[in-house]
Amino acid sequence: MDHPFLSELAWRGLLHQTTSPELAGHLATNGRVAYCGFDPTSDSLTVGNLLPITILARWQQSGHRPLVVMGGATGSIGDPSGKSAERQLLGLDQVRTNVISQRPIFERLLDFSGRHAASIVDNAEWLMKLGYVELLRDVGKHFSVNQMVARDSVATRLEGRDQGISYTEFSYMILQAYDFLHLYKTAGCTVQLGGADQWGNICSGIDLIRRIEGGEAYGITNQLVTKADGTKIGKSESGAIYLNAHRTSPYRFHQYWLNATDADALRFLRWFTFLSRPRVEELEAEQARDPSGRPAQRALADEMTSMVHSDAEMKRAKECAKALFSGDIRSLDVRSAVDVAADLPSVRMARAEFAGAGRSIIDLLTMPGLALASSKREAREFLEAGAVAVNGEPTSLGASITASSLLHGRFAFVRRGKRQWAVVEAVD
RNA sequence: GGGCGAAUACUCAAGCGGUCAACGAGGACAGACUGUAAAUCUGUUGGCUUAGCCUUCGUAGGUUCGAAUCCUACUUCGCCCA
């Protein structure tokens, strides 16, 4: 027999391994607690961190309780798993502020009320209090260095002559195992979720629980996902795609998914969205029938944007895209123009700047904040290639923006290439 | 502690006294073709007031008419010996 949570992960192509055949039986009772750890190495989570959060959400939807563990303590050490080189240590203050700023996204995707309420804890709460001698006595005793050295994550670092591993990182797995033990005892947590690279760490925790508490705990790992070309998900031309509207606007976020290749869009629908299996299969069929309509990309972009931001933001992003790509910019009325402008990188300039001969287009392209051209040389290159349009008008090297070329007397929507947009607004 | 070697633009990687703003590859960006795709082809990839000028080859000095290239010191990393 298979629990719905497991079969859900399986058809989505996410299930990698489970630690025990009895797991399904264990899950048959509702209200089980599973935890997943997150490294607070950045102040905002990116698309790359989204997968484990959605898995916790699926866990909750199947009638269990999710527990988010922020690695306030372990994050300052660094997990050697999947890392080829020693990590940079983060300051404790930095970790603390990162933990705080990451919270909202969890609150958006998980339900913190009701019978199976989610909760968030920071492992600094217990790990920081832990004495070194105490840890060696009570926990270290149960770890065999022979086994630790045999772990893939450690072994590769030992083989690599020019890499090495510090004692600090070597000890990481002990702390993660201790986390699991602590949560088992204090929160009744019996399951740990994580990526396939976490398998070793999860097993360490399960062993520790069995040895010290004589208890049974389980682990479920998900496939590590990448784009069809093998590169990381969530990296774009202009850097990482963040989940925070402040770092990546909902419009940019929506565009990121919309621009996925066909193969990726279909995979992403399974991995990241909460669309049902029949709906996903329907979209797959549609995509096969009419690839140029890109039904999969459209559905993906809409789903993701309303999931991470909101329905309203998703609609705005769509409107915005429609105006910029299919419509004529000049046909936008004042209200829509203001809306669209709000979602694009923008700069305000005094109206007087555009009087008379106006401002040269090169000056506008290189304005910091617009991210259209990084130097005048590059701006010239774009202009010579015919890559720049202002308010829908192709623009060439010598051109200037004058008061009369502004849309509604206020806006200059500047496009570079096919889809980089920015707006200059004239203000009094 | 001793010996040897390395450090070049986003990454890898040539260059070893003038012809070097620095070969090549990858990446990235732009153009054509397209579906705001993929693949392919073309171009660009330090900056500027662009037939020219200015600033770059770990850091600081030095030799020379002239240095990424030679010398000295320092910093960092790697290998070998203790």
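Just so we're on the same page: letters track the sequence lines, and every chain starts at 1.
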S.K.: Return no unless some side-chain N or O of A/Arg377 is found under 4.0 Å from OP1 or OP2 of B/U50.
M.R.: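 For A/Arg377, the contact criterion (side-chain N or O under 4.0 Å from OP1 or OP2 of B/U50) is not met.
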S.K.: Can you tell me, in whole Å, how much space there is between the C1' of B/A14 and that of B/A25?
M.R.: 11 Å
S.K.: Need to verify one output field. Residue with the more 5' nearest nucleotide on RNA chain B, A/Lys376 or A/Leu258?
M.R.: A/Leu258
S.K.: Would you say a side-chain N or O of A/Ser375 is under 4.0 Å from OP1 or OP2 of B/C48?
M.R.: yes
S.K.: Between B/U49 and B/C65, how many Å separate the two P atoms, rounded to a whole number?
M.R.: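 Each nucleotide's P atom is 36 Å from the other's.
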S.K.: Considering every strand shown, what is the Watson-Crick or G-U wobble mate of B/G78 when both distances are under 3.5 Å?
M.R.: B/C4
S.K.: Are side-chain N/O atoms of A/Gln176 and A/Gln192 paired as donor and acceptor at under 3.5 Å?
M.R.: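 Yes - a donor-acceptor pair under 3.5 Å links their side chains.
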S.K.: With no hydrogens and no angle check, just 3.5 Å: does a side-chain donor-acceptor pair link A/Asp264 and A/Gln297?
M.R.: no
S.K.: Students often mix this up, so state it plainly: with edges at 30° and 60°, are the rings of A/Phe268 and A/Trp271 parallel, tilted or perpendicular?
M.R.: tilted
S.K.: Whether the side chain of A/Gln255 and the base of B/U36 hold a donor-acceptor pair under 3.5 Å is what I'd like checked.
M.R.: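 Pair found.
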S.K.: Check whether the side chain of A/Arg380 and the base of B/U50 form a donor-acceptor pair under 3.5 Å.
M.R.: yes
S.K.: Counting only Watson-Crick or G-U wobble pairs whose two distances fall under 3.5 Å, which nucleotide matches B/U56?
M.R.: none
S.K.: Do A/Ser336 and A/Asp333 have a side chain donor and acceptor closer than 3.5 Å?
M.R.: yes
S.K.: Could you work out the separation of B/G5 and B/A9 based on their P atoms and round it to a whole Å?
M.R.: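 After rounding to an integer number of Å, I get 23 Å for this pair.
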S.K.: So does A/Thr402 get a backbone contact from the side chain of A/Ser405, meaning a donor-acceptor N/O pair under 3.5 Å?
M.R.: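 Looks like yes, one N/O pair under 3.5 Å.
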S.K.: If we ignore angles and hydrogens, is there a donor and acceptor under 3.5 Å between the side chains of A/Trp126 and A/Asp179?
M.R.: yes
S.K.: Among B/A30, B/U44, B/G35, which nucleotide has an atom closest to any side-chain atom of A/Ala387?
M.R.: B/A30
S.K.: Please list each protein N or O that sits under 3.5 Å from an N or O in nucleotides 37-41 of chain B, with the distance.
M.R.:
from: B/A37; atom 1: OP1; to: A/Arg419; atom 2: NH1; distance (Å): 2.3

